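Below you'll find the structure, written out as structure tokens, and then a few comments.
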Amino acid sequence: MTMIPLSILFIAVSSMILRTWIRWPRRDFGVDTWYFLNYAEGMRRQKRLPVHLPHYLLDIEEQWYPPFVAFLVALFSKRIADQYHWMFSAIIDTLHGLLLYAVTYWVTHRYEIAFSAALLYATGTFNASMATNLNARSTANLVFTLLMVFLYCAWMQRTVISVVALMLCGAILLHTHKTSVQQFLFIIAGLTFIYRDIFFIGCLAGIVATAFVITGGFYRKILCNHVQIIRYWSKNLPYLWQHQVYASPLYANAEKARRKKGVAGVKKNKVMYFLARGQLVLSLIIVVVWWLCKSAYPVIPGANFFFYWISINYIAILTTSYLPLFKNIGEGYNYVLYGIFPMSILLACALGVILPDIRAYAAAVSVLVALNLMIQISTLWRQFDNTNSFVDDELKEIIRQLRAAPRDGVMCLPVFKAEPVAYLAQKKVLWGGHGGGWDKLNEFYPLLRTPLEELIRRYGLSYILIDKRFVDFEDTRLHPLVKVLYDGAHYLLAEVV
């Protein structure tokens with residue numbers, strides 16, 4: 001039994017190291033990071049929902065974004081959150097790995113299988129890549145897994161405690177992240193079809209009712225925002241990976257659109273697609289192994305449930321990737337995240353069925369872990385090239401100037417630079433896409449549909465911040481309207497005169 005606490009400690013320490021080594025030298029990283037810090041600070045000061053944030057000129061001031069992650073961050077002081085935000089998602093994902101260990105041990109009563117499953121999760125690439133900065137995905141993934149565990153317990157036991165836990169956890173998920181909610185809807189539809197049991201539909205209705213009760217109807221605004229997002233991307237999804245400026249009909253330049261850095265990081269997107277396909281292949285292998293060895297699986301409680309979980313997750317990935325009707329509810333590869341938990345359990349169990357000899361089992365797991373580590377480290381290393389998400393020393397100095405400046409209103413190109421400017425400089429920025437008012441965003445992103453000078457006049461902007469790796473200043477045609485305050489290695493700051 002002494003091996004159990006030692007293996008748990010090893011999983012916790014190794015998981016944290018694997019998720020934070022890339023952030024240690026560059027901790028001011030991320031796009032969502034700065035929004036959640038801003039949201040949490042508004043929550044600390046206002047102590048009510050909805051939080052009002054006047055920083056985003058293309059949002060409504062009332063934030064309808066799911067508040068649970070901001071609530072967790074707001075539990076800590078602003079000083080602690082600012083200093084350690086880069087560890088938040090890493091801690092959450094590490095706790096997720098420990099939950100995986102506990103659930104696997106619960107269903108198998110074998111610590112070597114629990115340790116193997118948790119180690120496969122700790123060295124996985126897709127979940128680790130989401131856990132290197134403050135965002136909602138890692139937290140949503142953990143809450144989603146807890147919800148699935150409670151769903152299984154409530155379905156099997158039908159006890160008051162399990163049902164109450166299910167309702168509360170489900171309500172939290174609805175206040176955390178829209179993609180995880182959509183994945184849960186796929187799960188409910190799939191399990192209802194497979195088991196022919198309306199219990200799952202009843203659970204969904206109870207969860208939604210609980211969400212309305214807990215936040216006093218605030219969930220209605222979250223739901224409204226969710227619908228707005230789907231409508232917005234139903235019109236703009238074809239332009240998501242195009243260059244905001246050089247693919248615009250107003251500033252079109254095909255040669256520069258290919259040469260300049262894109263807004264959303266197409267290179268990173270291709271890497272994620274590769275990882276997602278690898279995850280899908282592994283899922284298919286598990287399905288085949290499960291089918292061939294299913295006579296051995298009934299001794300493992302919940303084996304069928306975990307198998308159906310993976311299968312429905314697979315269907316969600318495929319439908320949101322290839323069916324036009326479902327593409328608007330999110331990029332398909334992002335749904336891979338919600339299948340890693342059951343996949344890790346079934347993979348560890350499947351190897352145990354195929355390789356009953358402990359030495360052969362350990363060797364197979366070691367090979368998989370080594371492959372995982374190679375892919376994970378090489379993938380995370382690519383984040384060093386992500387200039388869209390890193391706040392370097394040059395940008396920090398510009399933000400200090402903006403914070404001290406008397407005027408307000410900043411346009412940032414690319415748009416992701418607006419997030420650190422809004423939080424660190426406490427300036428209003430021409431950006432949105434958080435808490436409602438998606439119709440405002442349409443003229444500015446993902447393609448410029450209104451001339452920049454018109455946007456400056458309409459929103460009373462005072463400063464233009466440009467990353468020269470993204471767009472050349474002369475192509476903005478703003479020379480008569482502005483004077484250059486700073487022209488450095490990578491950035492240019494101009495003031496509207």
Side-chain angles (χ1 to χ4, degrees), residues 31-75 134-137 139-141 143-144 147 166-186 188 203-237 328-330 334 415 418-419 422-423 428-445 459:
V31 177
D32 295 345
T33 296
W34 312 107
Y35 173 70
F36 283 114
L37 290 173
N38 221 355
Y39 200 172
E41 179 60 13
M43 200 170 287
R44 289 189 202 98
R45 292 180 176 179
Q46 299 170 31
K47 294 181 171 53
R48 61 178 173 81
L49 290 175
V51 171
H52 289 249
L53 293 179
H55 306 76
Y56 306 101
L57 295 171
L58 299 181
D59 262 350
I60 60 172
E61 187 171 320
E62 203 176 73
Q63 294 301 296
W64 294 357
Y65 193 93
F68 185 65
V69 173
F71 167 76
L72 292 180
V73 176
L75 294 176
L134 175 58
N135 61 71
R137 295 181 186 90
T139 303
N141 192 23
V143 176
F144 177 83
L147 179 59
L166 172 67
M167 296 298 120
L168 291 175
C169 193
I172 291 173
L173 185 72
L174 297 186
H175 289 82
T176 303
H177 194 240
K178 78 175 185 69
T179 306
S180 58
V181 173
Q182 290 165 181
Q183 174 63 77
F184 187 63
L185 293 177
F186 274 102
I188 291 297
C203 288
L204 178 62
I207 286 169
V208 173
T210 304
F212 275 103
V213 170
I214 288 178
T215 56
F218 176 63
Y219 179 64
R220 181 182 62 81
K221 296 182 177 181
I222 296 176
L223 192 59
C224 180
N225 189 39
H226 195 151
V227 172
Q228 285 186 25
I229 293 171
I230 294 173
R231 286 176 176 172
Y232 176 82
W233 286 117
S234 68
K235 300 175 183 177
N236 290 290
L237 190 62
N328 301 326
I329 64 173
N334 279 326
V415 294
E419 297 287 12
Y423 180 66
K428 293 181 179 180
V429 293
L430 192 69
W431 183 227
H434 309 108
W438 282 78
D439 56 314
K440 292 183 176 182
L441 195 60
N442 194 60
E443 62 183 346
F444 184 59
Y445 181 81
Y459 292 99

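All values reported here derive from a predicted model rather than from experimental measurement.
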(request) Any chance you could measure Asn334, atom CG, to Gln183, atom CD, to the nearest 0.5 Å? (result) 11.0 Å

(message) I need the Gln63 CD to Leu53 CG distance, nearest 0.5 Å.
(response)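 It comes to 4.5 Å.
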
(request) Look at the side chain of Tyr39 and the backbone N and O of Tyr65, then say whether any donor-acceptor pair between them is shorter than 3.5 Å. (result) yes

(message) Whether the side chain of Lys235 engages the backbone of Tyr232 through a donor-acceptor N/O pair (distance < 3.5 Å, no angle test) should be reported.
(response)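 Looks like no, no N/O pair under 3.5 Å.
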
Quick one: side-chain contact (heavy atoms from CB on, under 4.5 Å) partners of [X], sequence neighbours excluded?
X: Asp439; result: none
X: Leu72; result: Phe68, Leu75, Phe88, Thr139
X: Gln46; result: Arg48, Val51, His52
X: Asp32; result: Phe36, Asn135, Arg137

(request) Please examine the side chains of Asn38 and Tyr56, heavy atoms only from C-beta on, and report whether any two atoms are closer than 4.5 Å. (result) yes

(request) For the residue pair Leu49 and Pro67, establish whether any side-chain heavy-atom pair is separated by less than 4.5 Å. (result) yes

(message) Holding to side-chain hydrogen bond (donor to acceptor under 3.5 Å, both in side chains), I want the full list of residues that pass it with Tyr423, two or more places apart in sequence or in another chain.
(response) Lys78, Asp82

(message) Run the side-chain hydrogen bond (donor to acceptor under 3.5 Å, both in side chains) test against Gln228 and tell me which residues pass, sequence neighbours left out.
(response) none

(request) Output, in order, the C-alpha distance, side-chain angles, deciding distance and verdict of side chain to side chain contact (heavy atoms under 4.5 Å, CB included) for Val429 and Leu57. (result) CA-CA 6 Å; Val429 293; Leu57 295 171; over 6 Å; no

Can you give me every donor-acceptor pair (side chain of residues 216-227, partner residue at least two apart or in another chain, under 3.5 Å) with its distance?
{"unit_1": "Lys221", "atom_1": "NZ", "unit_2": "Glu62", "atom_2": "OE1", "d": "2.9"}
{"unit_1": "Asn225", "atom_1": "OD1", "unit_2": "Gly436", "atom_2": "N", "d": "3.2"}
{"unit_1": "Asn225", "atom_1": "OD1", "unit_2": "Trp438", "atom_2": "NE1", "d": "3.0"}
{"unit_1": "Asn225", "atom_1": "ND2", "unit_2": "His434", "atom_2": "O", "d": "3.1"}
{"unit_1": "His226", "atom_1": "NE2", "unit_2": "Gln182", "atom_2": "OE1", "d": "2.7"}

(request) Just jot down the ring pair (Phe, Tyr, Trp, His ring centres under 6.0 Å) partners of Trp64, sequence neighbours excluded, or say none. (result)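 Partners of Trp64 under the ring pair (Phe, Tyr, Trp, His ring centres under 6.0 Å) test: none.
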
(message) Could you walk me through whether Leu37 and Glu419 satisfy the side chain to side chain contact (heavy atoms under 4.5 Å, CB included) test, starting with their C-alpha distance in whole Å, then the side-chain angles of each, then the deciding distance to 0.1 Å, before giving a yes or no?
(response) CA-CA 10 Å; Leu37 290 173; Glu419 297 287 12; over 6 Å; no

Just list the side-chain donor-acceptor pairs under 3.5 Å for residues 171-178, sequence neighbours left out, or say none.
{"unit_1": "His175", "atom_1": "ND1", "unit_2": "Ala171", "atom_2": "O", "d": "2.8"}
{"unit_1": "His175", "atom_1": "NE2", "unit_2": "Thr215", "atom_2": "OG1", "d": "3.0"}
{"unit_1": "Thr176", "atom_1": "OG1", "unit_2": "Ile172", "atom_2": "O", "d": "2.6"}

(message) Quick test of your reading: applying salt bridge (charged side-chain N to carboxylate O under 4.0 Å, His left out), list the pairs with at least one residue in residues 49-60, sequence neighbours left out, ordered by first then second residue.
(response)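 Applying salt bridge (charged side-chain N to carboxylate O under 4.0 Å, His left out) to every pair that reaches into residues 49-60, excluding sequence neighbours, yields nothing.
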
(message) For a side chain to side chain contact (heavy atoms under 4.5 Å, CB included) check, start with the C-alpha distance between Val143 and Ser180, then their side-chain angles and the critical distance, and finish with the verdict.
(response) CA-CA 9 Å; Val143 176; Ser180 58; over 6 Å; no

